[in-house]
Number of protein chains: 2
Amino acid sequence: MSSKQVNQIHNSINRVVHEPVRLAILKILTSAKEVDFNFLLTTLGLTKGNLATHISKLEMAGFIEVKKEFRGKIPHTSYRITRTGRHQFQKYWKNMKALAPE
Amino acid sequence: MSSKQVNQIHNSINRVVHEPVRLAILKILTSAKEVDFNFLLTTLGLTKGNLATHISKLEMAGFIEVKKEFRGKIPHTSYRITRTGRHQFQKYWKNMKALAPE
DNA sequence: ATAATTGGTTTGTATTAAAAACTGGTTTTT
DNA sequence: AAAAACCAGTTTTTAATACAAACCAATTAT
């Protein structure tokens, strides 16, 4: 008779959310209704390529919405968190707390 | 005049601690005084190789202490958290909270 | 004797975070 | 009017690493 694994909390941690840069992005997006590429770039102090890849991951996971428009002649990209994103962010923290001290 | 980056919390996140499996190990080690390889193996449901590499990382970072002994003729390895480990675990969570909702 | 188990370590692979290089334009300088 | 510099990103490359598979050495069971 084999016994079951009961304490595998680490498996409940969503890797898309878990990455620190993406956590920071999601945190920002939960309090601002909308932010743009350059705001994130300067606020987080990332390279453009790095930011772009993190953004893609969040978009592909359905956690953020991307809006592309022209401001005059210049392209402008901005982001919002989706309902799913907000939900998963909450859920992530709920799971993480099981790994916190106390 | 260039402005400074103020919101780079993600850089404060210690990657050695941040990995979910290692978080789980550290969590366990903060409440038990000492645990052994097999306890972690079955509790966490990992492969031996995977556990061994996580253990190494924690040891190299000075976060855990490894004790190797013979129990009769059988080798036995057990682990404790170090003062540094405990401290870094606390610090990690302090930093992480800056990325949490609310 | 041989097979299975224990207690690990070493090696290989696939993913991915991060930076560099590139693209398609626009604005500024000369 | 060209060229240089800049803007707003995307695509490509690289280096690190989580994870599993394979291995190893000794012990216990058949």
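Protein chains get the first letters and strands the later ones, always in sequence-line order, with residue 1 at the start of each. Computed from heavy atoms alone, side chains included, the values below leave out hydrogens, waters and symmetry copies.
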Selection from D/dC19, C/dA17, C/dG7 that lies nearest to any side-chain heavy atom of A/R22: C/dA17

Quick check on D/dC19: is either OP1 or OP2 less than 4.0 Å from any side-chain nitrogen or oxygen of A/R15? yes

Would one find a side-chain N or O of B/N38 under 4.0 angstrom from OP1 or OP2 of C/dG7? yes

Categorize B/R71 for me: base, sugar-phosphate, or nothing, with a 4.0 angstrom heavy-atom threshold over every strand shown. nothing

Options C/dT9, D/dT12, D/dC19, nucleotide nearest the side-chain atoms of A/T53: D/dT12

A/R80 bridged to A/E34 by N-O distance under 4.0 Å: yes

Protein-nucleotide distance (A/L41, atom CG; C/dA18, atom C1'), rounded to Å: 13 Å

Should the pair B/H18 and A/H18 be assigned to parallel (<30°), tilted (30 to 60°) or perpendicular (>60°) ring geometry? parallel

Can you tell me if NE2 on B/H87 sees more than 12 non-hydrogen neighbours from other groups inside 6.0 Å? no

Provide, to the nearest angstrom, the distance between the CG atom belonging to A/L51 and the C1' atom belonging to D/dC7. 15 Å

Within this structure, what is the CG-to-C1' distance between A/L46 and C/dA20, rounded to whole angstrom? 15 Å

Nearest-Å distance, CZ (B/F70) to C1' (D/dA25)? 10 Å

Looking only at D/dA18, C/dT9, D/dA8, the nucleotide nearest the A/I74 side chain is D/dA8

Looking across every strand, which nucleic acid part, if any, lies under 4.0 Å from B/K48 by heavy atom: base, sugar-phosphate, or nothing? base

Could you tell me whether A/E69 atom CD has more than 12 heavy atoms of other residues or ligands within 6.0 Å of it? yes

B/E19 atom CD is separated from D/dA16 atom P, nearest whole Å, by 18 Å

Are B/K68 and C/dT9 close enough that a side-chain N or O sits under 4.0 Å from OP1 or OP2? yes

So does A/E19 pair up with A/K57, basic N to acidic O under 4.0 Å? no

Rounded to the Å, how far apart are A/L23 CG and C/dA17 P? 12 Å

Are OP1 or OP2 of D/dA20 and a side-chain N or O of B/N50 less than 4.0 angstrom apart? yes

Distance below 4.0 Å between B/H76 side-chain N/O and C/dT6 OP1 or OP2: no

Taking only N and O in the side chain of B/H54, is any of them less than 4.0 Å away from OP1 or OP2 of D/dC19? yes

Comparing A/T47 and B/G49 on DNA chain C - which has the more 5′ nearest nucleotide: B/G49

Within the pair B/K57 and D/dC19, is there a side-chain N or O less than 4.0 Å away from OP1 or OP2? no

With distance as the sole test, does A/S12 use its side chain to make a donor-acceptor pair with the main-chain N or O of A/Q8 at under 3.5 Å? no

Figure out the CG/P separation between A/L40 and D/dT10, and round it to whole Å. 12 Å

When rounded to whole Å, the CD to C1' distance for the pair B/Q8 and C/dA18 reads 14 Å

